[in-house]
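Report on one structure; see the data block that follows.
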Amino acid sequence: MRFQIDHGALVARHNGETLRIEAWGKDSLRVRATRLSQIQDENWALTEAVPESGAEVTIADKAPEGCMDVRADSKSYGIIRNGRIAAVVNDAGIIMFLRDEKLLLREYYRMYVGTLSQESRCLKTVNREWKGIIGGDEFSLNMKFDSIDGEKIFGMGQYQQKYMDLKGCELELAQRNSQVSVPFMVSNMGYGLLWNNPSVGQVTFGKAYTEWIARSTKQMDYWITVADTPKQILESYTAVTGRAPMFPEDRMGMWQCKLRYRTQDEVLAVARKYQEEGIKIDQIVIDFFHWTYQGDWKFDKKYWPDPKAMIDELHSMGIKVVVSVWPSVDRKSENFEEMMEKGLLIRTERGAAQTYDYQGDCVEIDPFNPETREFVWEKCRQNYYDLGIDGFWLDNSEPDYGVYDFENYRYSKGPALTCSNMYPQMYSRIFFDKMKDLRDGNVVNLLRSGWAGSQKYGNVLWSGDVPSTFEAFYDQIQAGLNMGLAGIPWWNTDIGGFMTDDVNDPDFRELLIRWYQFAVYCPIMRMHGDRGPYDIPPLDTRDWGGGYLHTGQPNELWSYGEDNYKIMRKYYDIRILMHDYIRDLFREASENGSPLMRAMFYEFPEDEKCWDLQDQYMFGPKYLVAPIFHLGQREREVYLPAGTWKDTRDGKTYEGAGTVKVSAPLDSMPVFEKI
């Protein structure tokens, strides 16, 4: 192993691999390695400027005390210290991380080398395994760390499963409808780690070892930080990846949406009814197939004859207007031939040039190409934004491939396997990069996917097309909490879930109420869903345009019976009364990266029980929220950390550090205020 010091960084070369470790923010290090001729200067999620390094780099003939090297025969070490974190590299290239000079994390290495040390084995398993991909300059990469007994792991974005603690889970590092890969983890052992690589792959947080896999990449790149609390970890992480801007106050209330408003008259009728009912909605969303063909990015004039007049009337009511935009371009679209000829669409490596097949033969756009971004923005500016549209619902933003064969797709940036996880972020930047300099600069766009750093780009993420079941509802709590711990504070769900067979089913209506109560204590409160039965005839016999596709049943607050309407009105009022508090939470997110929805341990890290709780959470520092997750459930247990707590429903106070059983009639959800 050859060590050298390069502008405050530790560089090591061994067996054709170059390793570079450097200070990157407070108590943090960035680690890169490659088998190519040199390290690439691609920052991916690490977009923010960091202060000049004060790191101490040394080369020594022995490891620091407590390092526990797996190679007893190591003769030299490279050491870099940055505040409370240090990395020690032995002469086989194995990295050991220290926190306050104590071993924190170590790469997994099981190779017998002649001098048997405690951890040596004959398994021939190395810490970083590179395998060249035939015909290219990319590699598959398998990198392992030793597991830590008793470790709990959180974050990583949004996965549709019931576990908030990800220890023991294997996660695909890929974007899919309702799965959002944001590869930043928070450990109860006092560190956070960003896998700064948009390659498709997987991570396994195993009992024996942690394994990160990139299926196709040119280099390893990760960032690691240490701190005493999850809040401090998030603050350091968002300092280097960016923070959400301040959320505009006029969109902190309720958003109204359904699948799907088919005409401008339907939209205006709903808005007028809300006004008559004395309910202020902040935004109304015009969903898909208001267009002629996918990729035309314009209203079908037959059903939207004067969208400017519609938008002006909605604005007069104080309602912002959001319109759905998809990245898919139908072969019948007026833009298809030009975009294909100019290379603005995703390419397939083999077979037909098709990437998406819902309601058409489509190829999706390539947002990595700056020409694509300019082309799509200009179409949407002319046909939407210049009419007064306030924001965009950037649906299918994974993108939603017809088949998730990532190896068959290629972007201008390179093979999809190398960078596809960044697609939704680049898609969002088609709009953010232009809108931030227009009007009032408050960019708020709704997306179904994101990646590390997406919080910077005005992205409100939602949890995708999830089923309308209590089981799926429970999964959304884990998704929202882990999304916040991955640095994405603007998050929401379709209230009641997306897919409903029968809106008249009393079981569904109970689910809707329980989900709605929860949504009041989410960053964004948005009514949406695909509501069956589909017995509403289409408006048109054409097989294209704004009238042919089905629509779901009504999805406004009054659509589910008078008793349910009363409950939703009550909780709507609660949301409005919390406006100033919610504004302060959004401000905190913009200042230090704290999510609005917080795992219990985020506010009470010293309480060991809080690290195991996943069926209750904190909405900011003040409110403890305990949703109801079962049909017919009318009471539940709630754990109250140390302190005094008030039940917001009846004012009764409790002393914490224990569990209480409280009632939960259909018209109320347990929420406690810390006093």
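When reading the values below, keep in mind they use all heavy atoms of this one structure, side chains included, and skip hydrogens, waters and symmetry mates. All of these numbers come straight from a predicted model, not from anything done at the bench. Along the sequence shown, residues carry numbers from 1.
For the salt bridge (charged side-chain N to carboxylate O under 4.0 Å, His left out) test, residues two or more places apart in sequence or in another chain that qualify with K342 are E338. For D386, the side-chain contact (heavy atoms from CB on, under 4.5 Å) criterion is met by R381, not counting sequence neighbours. With sequence neighbours excluded, no residue satisfies side chain to side chain donor-acceptor pair (under 3.5 Å) with D437. The side chain to side chain donor-acceptor pair (under 3.5 Å) search around Y274 returns Q256, not counting sequence neighbours. A search for side chain to side chain donor-acceptor pair (under 3.5 Å) contacts involving E371 returns nothing, not counting sequence neighbours. A search for salt bridge (charged side-chain N to carboxylate O under 4.0 Å, His left out) contacts involving R542 returns D300, D540, not counting sequence neighbours. Annotation: salt bridge (charged side-chain N to carboxylate O under 4.0 Å, His left out) contacts of E211 (sequence neighbours excluded): K144. The side chain to side chain donor-acceptor pair (under 3.5 Å) check on D505 picks up nothing, with sequence neighbours excluded. Residues passing the salt bridge (charged side-chain N to carboxylate O under 4.0 Å, His left out) test with R215, sequence neighbours excluded: E407.
Cation-pi geometry between R439 and Y385 is met: under 6.0 angstrom from the ring centre, within 45 degrees of the axis. Note that K273 lies in the cation-pi zone of W558, set by a 6.0 Å cut-off to the ring centre and a 45° limit from the axis.
Between E398 and Y423 there is no side-chain heavy-atom pair separated by less than 4.5 Å. Counting only heavy atoms from C-beta outward, the side chains of W255 and N492 never approach each other to under 4.5 Å. Looking only at side-chain heavy atoms (C-beta outward), S463 and Q158 come within less than 4.5 Å of each other. Here the side chains of N396 and R448 are in contact, with some heavy-atom distance below 4.5 Å. In this structure, T551 and K258 have side chains that are in contact, with non-hydrogen atoms separated by less than 4.5 Å. Counting heavy atoms from C-beta outward, T418 and T217 have side chains that stay 4.5 Å or more apart. For the pair Q359/Y548, a side-chain contact is recorded, criterion being any heavy-atom separation below 4.5 Å from C-beta on. A 4.5 Å side-chain heavy-atom check between E471 and D475 finds every atom pair outside the cut-off.
Ring pair W462/W393: centre-to-centre distance below 6.0 Å.
At least one donor-acceptor pair closer than 3.5 Å links the side chain of S412 to the backbone N or O of N369. The backbone N or O of A472 sits nowhere less than 3.5 Å from a side-chain atom of Q160 that would complete a donor-acceptor pair. Put simply, the side chain of R509 gets close to the backbone of Y560: a donor and an acceptor are under 3.5 Å apart. Side chain of N177 to main chain of D465: a donor-acceptor pair is present (N/O by atom type, distance under 3.5 Å, no hydrogens or angles). The backbone N or O of T263 lies less than 3.5 Å from no partner atom in the side chain of D265, so there is not a single donor-acceptor pair. No donor-acceptor pair under 3.5 Å is formed between the side chain of Y293 and the backbone N or O of G545. Between the side chain of E170 and the backbone N or O of T204, no donor-acceptor pair lies under 3.5 Å. With Q283 contributing its side chain and V322 its backbone, the two residues share no donor-acceptor pair below 3.5 Å. Formation of a donor-acceptor pair under 3.5 Å by the D330 side chain with backbone atoms of Q294 is not found in this model. In terms of modelled atom types and a separation under 3.5 Å, the side chain of S199 and the main chain of L417 share a donor-acceptor contact.
One finds the CD1 atom of I281 at 13.5 Å from the CZ atom of R251 (value rounded to the nearest 0.5 Å). Atom CG of L447 and atom OH of Y427 lie 7.5 Å apart (nearest 0.5 Å). Atom CG of L268 is separated from atom CE of M310 by 6.5 Å, given to the nearest 0.5 angstrom. From T469, atom OG1 reaches atom CG of D507 across 12.0 Å, with rounding to the nearest 0.5 Å. Taken to the nearest 0.5 Å, the OG1 atom of T355 stands 5.0 Å off from the CD1 atom of I346. To the nearest 0.5 Å, atoms CZ (F184) and OG1 (T241) are separated by 8.0 Å.
Nearest approach of A416 to F406, heavy atoms of both residues: CB-O, 3.4 Å. Contact detail for G464 and D494: the closest heavy-atom pair is O-OD2, 3.8 Å. Contact record, W491 with Q476: CH2-O, 3.2 Å, taken as the closest heavy-atom pair. Nearest heavy-atom pair, S454 versus I488, reported as atom, atom and distance to 0.1 Å: CB-CD1, 4.2 Å. Closest of all the heavy-atom pairs between P595 and P489 is CA-CB, 4.1 Å. The two atoms that bring C362 and S328 nearest to each other are CB-CB, 4.0 Å, heavy atoms only.
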Practice problem: Check the pair T348, Q354 against side-chain contact (heavy atoms from CB on, under 4.5 Å), reporting the backbone distance first and the verdict last. | Solution: CA-CA 7 Å; T348 54; Q354 183 194 73; over 6 Å; no
Quiz item: E334 and K298: side-chain contact (heavy atoms from CB on, under 4.5 Å), yes or no, with the steps?
Solution: CA-CA 11 Å; E334 63 188 21; K298 65 182 182 181; 3.0 Å; yes
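For the ring pair (Phe, Tyr, Trp, His ring centres under 6.0 Å) condition, the pairs that include at least one residue of residues 346-370, sequence neighbours left out, are F368-Y411. Sorted by first and then second residue, the pairs that involve residues 302-338 and meet ring pair (Phe, Tyr, Trp, His ring centres under 6.0 Å), not counting sequence neighbours, are F288-W326, F289-W326, W291-W326, F299-W304. Contacts classified as salt bridge (Lys or Arg N to Asp or Glu O under 4.0 Å) and involving residues 355-364 (residues at least two apart or in different chains) are given here: R331-D361.
Of the options Q264, K308, R272, a side chain to side chain contact (heavy atoms under 4.5 Å, CB included) to E313 is made by R272 and by none of the others.
In Y163, the OH atom is not crowded: 12 or fewer heavy atoms of neighbouring residues, nucleotides or ligands sit closer than 6.0 Å. Shown here is K162, whose NZ atom has no more than 12 heavy atoms of other residues, nucleotides or ligands within 6.0 Å.
Salt bridge annotation for E42-K218: absent, with no cationic side-chain nitrogen under 4.0 angstrom from a carboxylate oxygen. Residues K280 and D282 are paired through a salt bridge, judged by an N-O separation under 4.0 Å between the basic side chain and the carboxylate.
When only modelled atom types and interatomic distance are considered, Y404 and D400 share a side-chain donor-acceptor pair under 3.5 Å.
Note on ring orientation: taking the six-membered ring where Trp is involved, the planes of Y401 and Y409 are parallel (angle under 30°, cut-offs 30° and 60°).
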